[in-house]
Protein chains: 2
Amino acid sequence: MNIAELLRSNGYKVTPQRLAVYDAIDHNMTHPNAESIYQQLQPQYPSMSLATVYKTMEIFAKIGVVKILQCGEDAHRYDYNTSQHAHIRCVKCNRVLDVDIDEGQLARQAEAQTGFSVSGVSLSFLGVCKDCQEAE
Amino acid sequence: MNIAELLRSNGYKVTPQRLAVYDAIDHNMTHPNAESIYQQLQPQYPSMSLATVYKTMEIFAKIGVVKILQCGEDAHRYDYNTSQHAHIRCVKCNRVLDVDIDEGQLARQAEAQTGFSVSGVSLSFLGVCKDCQEAE
DNA sequence: GTGACTGCAAAGGGTTTGCATCGTT
DNA sequence: AACGATGCAAACCCTTTGCAGTCAC
């Protein structure tokens, strides 16, 4: 199911803005925040507003197109890869990379231990990446 | 080493406000945020400001007296327990509990996988606690 | 006495909201 | 034609900052 069908089937309209935002994040490995998506779209869609980016990302999160990340920054980041994996951010260059640790397994541990019914997991690391280590 | 010595040995002055904030968080299992620490201190220290709570917690984090938690809320929470463990928040009642999963081990996995030098880990879960499940 | 700390109020950053207009269906 | 979406600006929440007065040392 493509993004247009996915929007329509969830009762949302298909607009140029939504398609543009989708193009900006689809297979985008940089884990961008709202501001950087906005900047990226400026040249081609100069009338697009930051508020629309936020509203669109909220819908995308709701219909399972993106995941919202909290990587220890002020701003949220967005990940087109919605599988349960961890993230690591370099405190020098602010890059965020994927880490292949299964959050689902950790969630099951937490459920067993606490009796909670778990609906969300967030695992993130901070550190200095290889490049920045070598640059020192 | 008690809190007064710890402050002095790190070059900070020992003030009534700092001691009061310490009392409010020491062995406080509720993982309070700044606002709730402020509220808790209001009756006994009516002149204490929220800004002082923030400034104090920043110092406490720096000297290793508390850890700053991000549990998927807007506001930070503070944990007097600085050992490497996870947290789980109930989305109904907003309680935050400890989860005994070793973040240090996960950090070593992340280092092995990415080549980062890891300096921070954050593992948190969202869900519905036992009490709130039963209340439904 | 001096430099750090406090409390106040204002500023700041990211995100959300209200509303008039516009566009998809 | 109807109603949801957009874009703008203002509001919002949490946190930080500037500064004059105060206090620990």
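Chain letters run A, B, ... following the sequence lines, proteins first, then strands; residues in each count from 1.
Near DNA chain C, meaning a heavy atom under 4.0 Å away, there are no residues from residues 66-74 of chain B. For the segment residues 8-25 of chain A, residues with any heavy atom less than 4.0 angstrom from an atom of DNA chain D are, sorted by number, A/Tyr12, A/Lys13, A/Thr15, A/Gln17, A/Arg18.
In terms of the side chain to side chain donor-acceptor pair (under 3.5 Å) criterion, A/Glu111 has no residue partners (sequence neighbours excluded). In this structure, the side-chain contact (heavy atoms from CB on, under 4.5 Å) partners of A/Ala75, at least two apart in sequence or on a different chain, are A/Asn33. Taking A/Arg77 as the reference, A/Glu73 meet the salt bridge (charged side-chain N to carboxylate O under 4.0 Å, His left out) condition, with sequence neighbours excluded.
Here A/Met29 is tied into one hydrophobic group with A/Tyr80, each link being a pair of ILVMFWY side chains closer than 4.5 Å. Through side-chain heavy atoms spaced under 4.5 Å, either directly or across other Ile, Leu, Val, Met, Phe, Trp or Tyr residues, A/Leu126 is tied to A/Val91, A/Val128.
Note: the hydrophobic cluster containing B/Val96 does not contain B/Ile37 (ILVMFWY, side chain heavy atoms under 4.5 Å, direct or indirect links).
Both B/Ala34 and A/Met48 lie near DNA chain D, and the one whose nearest nucleotide falls closer to the 5' end is A/Met48.
Nearest heavy atom pair, residue B/Ser9 against residue B/Met1, reads OG-CE, 3.8 Å. Closest heavy-atom contact between B/Leu41 and B/Ala20: CD2-O, 3.7 Å. Here the shortest heavy-atom pairing between A/Ile101 and B/Ala110 reads CD1-N, 4.4 Å.
Rounded to 10 degrees, the angle between the two end axes of the helix from C/dG1-D/dC25 to C/dT25-D/dA1 is 30°, with five pairs used at each end.
Among residue pairs with one or both ends in residues 100-136 of chain A, none qualify as ring pair (Phe, Tyr, Trp, His ring centres under 6.0 Å); sequence neighbours excluded. Within the structure, every pair that satisfies the side chain to side chain donor-acceptor pair (under 3.5 Å) test and touches residues 92-105 of chain B, not counting sequence neighbours, is listed here: B/His31-B/Asp98, B/His85-B/Asp98, B/His87-B/Asp98, B/Arg89-B/Asn94, B/Lys92-B/Glu136, B/Arg95-B/Asp131.
Going from atom CZ of B/Phe60 over to atom OH of B/Tyr12 covers 11.0 Å, rounded to the nearest 0.5 Å. Atom NZ of A/Lys67 is separated from atom NE2 of A/His76 by 14.5 Å, given to the nearest 0.5 angstrom. Rounded to the nearest 0.5 Å, atoms CG (B/Leu7) and CG (B/Leu19) are 7.5 Å apart.
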Give every pair of a protein N or O atom and an N or O atom of nucleotides 16-21 of chain C that lie under 3.5 Å apart, one pair per line with the distance.
| from | atom 1 | to | atom 2 | distance (Å) |
| --- | --- | --- | --- | --- |
| C/dG18 | O6 | A/Lys55 | NZ | 3.4 |

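Neither side chain, A/Gln113 nor A/Gln109, offers a donor N or O lying under 3.5 Å from an acceptor on the other.
Contact between the side-chain N/O atoms of B/Ser49 and the OP1/OP2 oxygens of C/dC8 is not found at any separation under 4.0 Å.
Of all nucleotides in DNA chain D having an atom under 4.0 Å from a heavy atom of chain B, the first and last in 5' to 3' order are D/dC14 to D/dC25.
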